[in-house]
Protein chains: 2
Amino acid sequence: MTSTEHQQPAERIVDRPGAKGAASKPAIGARPTRQRRAVVDALAAAEVFHSAQEIHAQLERRRAQVGLTTVYRTLQALAELGEVDVLVRGDGETVYRRCSAGHHHHLVCRSCGRTVEIEGPAVEAWARRTAQEHGFAQVEHTLEIFGVCADCAGQAL
Amino acid sequence: MTSTEHQQPAERIVDRPGAKGAASKPAIGARPTRQRRAVVDALAAAEVFHSAQEIHAQLERRRAQVGLTTVYRTLQALAELGEVDVLVRGDGETVYRRCSAGHHHHLVCRSCGRTVEIEGPAVEAWARRTAQEHGFAQVEHTLEIFGVCADCAGQAL
DNA sequence: GCGCACTTGACAACGATTTTCAATACCCCT
DNA sequence: AGGGGTATTGAAAATCGTTGTCAAGTGCGC
């Protein structure tokens, strides 16, 4: 993830826009629709990162009637609002997961996908310092750790 | 441009296989062909990460007659041999760059693409320790820092 | 020289994502 | 409550990077 921070009510996208002091235009019209709620709910229930396609398939199984296009759009919007984490898998597929507000990284199980959010103030500082030393500004960074969790390792996969 | 970087024979892929004690099979037949040399040369000259398509386009401009498929295959082979770094850009495109041997990370300029290889023993240790704390084994990690280099920042892009 | 395995490359196939665009749903205003 | 305009949806087509196919080409050991 990037060091840019976001903290907002986790579901602006399905909130009524009316009541709030219309200061900034949301990334999307922000109208609470059945489809958006379905996507948000699916994410809320998910423990691991999922691709748009996976979420769409899951909704279909659940007879939720949401178009693939809409799933993509909703996920993009949520990502822009910083309400979900985005990860580009090695194979190029983009995956999403609900996340806590602040800046954090991930420890992901290669086998079952279980994900632990982690923080590393020391690493943040190191990254910033290193970039500065080389004259770089507007620094962001990505850091993900992959491994095999205890459960999966136990099952001698 | 800050040249004077590491120069290694980093071209196993075009070396004759004969002489070496045929212990392990290379990721590719390792026959030195005009096409492979062209790709390796293009990488040797490159200062920044490039996609297969970009390299192919460049070779074409240079009238080097190398098929796109071959560029892809050669880059994959080089990556498997660890002779180039692979990065999956945010948009999912895979990019390559020649690199020094050991484990390292990158500091990349968002504007011009200039890349600095960096090391962070402390970070390595931290990652390992953190993973262990959560019971994860077979740990790997990815870490890239993005920013705007001094030159680009100066030009008020 | 021969022959065969390694390579190549044009093209088709793929799969994820985006775009298009017409139909629909929703909300504000009167 | 109804109108109207805008946000939203979604099916299908278009993109686009990448991989698979397979016949033709090439290099190297023998």
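Side-chain atoms are counted along with the backbone in the values below, which use heavy atoms only and exclude waters and symmetry mates. Lettering of chains follows the sequences in order, A, B, ..., and the numbering in each one begins at 1.
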Contact class for A:Gln65 vs. all strands (heavy atom < 4.0 Å): base, sugar-phosphate, or nothing? sugar-phosphate

Could you check whether the rings of B:His141 and B:His105 sit parallel, tilted or perpendicular, using 30° and 60° as the cut-offs? tilted

Do B:Glu117 and B:Arg97 meet the salt-bridge criterion of a basic N to acidic O distance under 4.0 Å? yes

Atom CG of B:Leu75 and atom P of D:dT19: how far apart are they, to the nearest Å? 10 Å

Check whether B:His56 reaches the backbone of B:Glu54 with its side chain - one donor and one acceptor, N or O, closer than 3.5 Å. no

Tell me: CD of A:Glu93 to P of D:dG17, nearest whole Å? 18 Å

Distance check: side-chain N/O of A:Thr94 vs OP1/OP2 of C:dA16, anything under 4.0 Å? no

What integer distance in Å separates B:Glu54:CD from D:dC16:P? 14 Å

Against the side chain of B:Arg36, the closest entry in C:dT8, D:dT18, D:dG10 is C:dT8

To the nearest 0.5 Å, tell me how far A:Gln76 CD sits from A:Thr94 OG1. 9.0 Å

A:Leu68 CG to C:dT20 P: how many Å, rounded? 17 Å

B:Ser51 near the nucleic acid: base, sugar-phosphate alone, or nothing, with a heavy-atom cut-off under 4.0 Å? nothing

With a 4.0 Å cutoff (strictly under), does any side-chain N or O of B:Thr33 reach OP1 or OP2 of C:dT8? yes

Between C1' on D:dT19 and NE2 on B:His56, what's the gap in Å once rounded to a whole number? 15 Å

Is it true that B:Phe49 and B:His106 have ring centroids separated by less than 6.0 Å? yes

What contact category does A:Gln76 fall into here, base, sugar-phosphate, or nothing, at under 4.0 angstrom with non-hydrogen atoms? sugar-phosphate

On the side chain of B:Arg73, is there an atom forming a donor-acceptor pair with the base of D:dG20 - under 3.5 Å, no angle test? no

Nearest-Å distance for atom pair CG/C1', residues B:Asp91 and D:dT18: 13 Å

Between B:Thr69 and C:dT8, is there a side-chain N or O to OP1/OP2 distance below 4.0 Å? no

Which nucleotide, D:dT9, C:dG9, D:dT18, lies nearest any side-chain atom of B:Ala52? D:dT18

Expressed as a whole number of angstroms, how long is the span from A:Arg89:CZ to D:dT18:P? 16 Å

Nearest-Å distance for atom pair CG/P, residues B:Leu59 and C:dT8: 13 Å

What is the nucleic acid contact for B:Gln35, judged by heavy atoms within less than 4.0 Å: base, sugar-phosphate only, or nothing? sugar-phosphate

Can you tell me which nucleotide in D:dC28, D:dT18, C:dG9 comes closest to the side chain of B:Gln53? D:dT18

Nearest-nucleotide pick for B:Tyr72, side chain only, options being C:dT17, D:dT9, D:dT19: D:dT19

